[in-house]
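Remarks on the structure that follows.
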Amino acid sequence: MNSIERNQPCEDQCPVKITADIIGSKWTTLVIRELLTGKKRYSEIQKALTGISPKMLTARLRLLESRKLVTRTAFPTIPPTTEYELTATGRKLEKVLGEMAIFGNELKKLDQD
């Protein structure tokens with residue numbers, strides 16, 4: 001944990017804050033999780049995330065695209081087809097989500113005790 005600066009104010013350039021501002025938004029980590037297995041069409045992501053609205057999914061995908069974590073490829077078909085894929089930078093979040101899964105499993109065990 002050497003990259004976490006302790007006893008320092010968490011201002012706009014704080015690395016933890018920068019990351020939290022992206023993955024801390026509702027649904028964002030789940031969108032990333034869906035894309036970890038490879039390219040997905042918009043409809044595939046929406047089906048996998050029960051309860052997400054089209055407006056929210058579009059907003060999250062646009063956020064991830066603007067931060068260069070996801071690429072969007074639109075195909076000139078009728079109806080239009082769009083695919084999303086994690087960039088090399090976006091793929092680095094796999095470690096973060098993996099640690100979140102480990103922590104979530106630990107919390108589940110505590111709740112069962």
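What you see below is based on every heavy atom in this structure, not just the backbone, and it leaves out hydrogens, waters and symmetry mates. For clarity, every value in this text was computed on a predicted model and none was experimentally measured.
- Under the 4.5 Å side-chain heavy-atom criterion for ILVMFWY residues, a single connected hydrophobic cluster contains both Ile22 and Leu36.
- Shown here for Glu83 and Lys39, the closest heavy-atom pair between the two residues is OE1-CD, 3.4 Å.
- Distance check: Lys40 NZ to Gln46 CD gives 14.0 Å after rounding to the nearest 0.5 Å.
- Thr81 approaches Arg41 most closely through the heavy-atom pair CG2-NE, 3.6 Å.
- Rounding to the nearest 0.5 angstrom, the gap separating the CZ atom in Arg33 from the OG1 atom in Thr28 is 13.0 Å.
- Leu49 and Met56 fall within the same hydrophobic cluster, defined by Ile, Leu, Val, Met, Phe, Trp and Tyr side-chain heavy atoms under 4.5 Å apart, directly or through other members.
- Arg60 places no side-chain N or O within 3.5 Å of a backbone atom of Ile32 that could act as its donor or acceptor partner.
- A continuous path of hydrophobic side-chain contacts links Ile45 to Leu30 [ILVMFWY only; heavy atoms under 4.5 Å].
- Just one of Glu94, Lys92, Met100, Glu99 meets the side-chain contact (heavy atoms from CB on, under 4.5 Å) condition when paired with Val96; it is Met100.
- The CG atom of Asp111 sits 6.5 Å away from atom CG of Leu107, with the distance rounded to the nearest 0.5 Å.
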Asn105/Lys108 under side-chain contact (heavy atoms from CB on, under 4.5 Å): CA gap, chis, key distance, verdict: CA-CA 5 Å; Asn105 280 326; Lys108 282 190 339 187; 3.5 Å; yes

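- Between the side chain of Tyr42 and the main chain of Pro54, a donor-acceptor pair closer than 3.5 Å is present.
- Atom CZ in Arg91 sits 10.5 Å away from atom CG in Leu93 (nearest 0.5 Å).
- Hydrophobic clustering, with ILVMFWY side chains joined whenever heavy atoms are under 4.5 angstrom apart, keeps Leu63 apart from Ile23.
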Would you list the atom pairs, donor with acceptor, under 3.5 Å between side chains in residues 67-76 and any protein atom, with sequence neighbours excluded?
{"residue": "Thr71", "atom": "OG1", "partner": "Glu85", "partner atom": "O", "Å": "3.4"}
{"residue": "Arg72", "atom": "NE", "partner": "Tyr84", "partner atom": "OH", "Å": "3.4"}

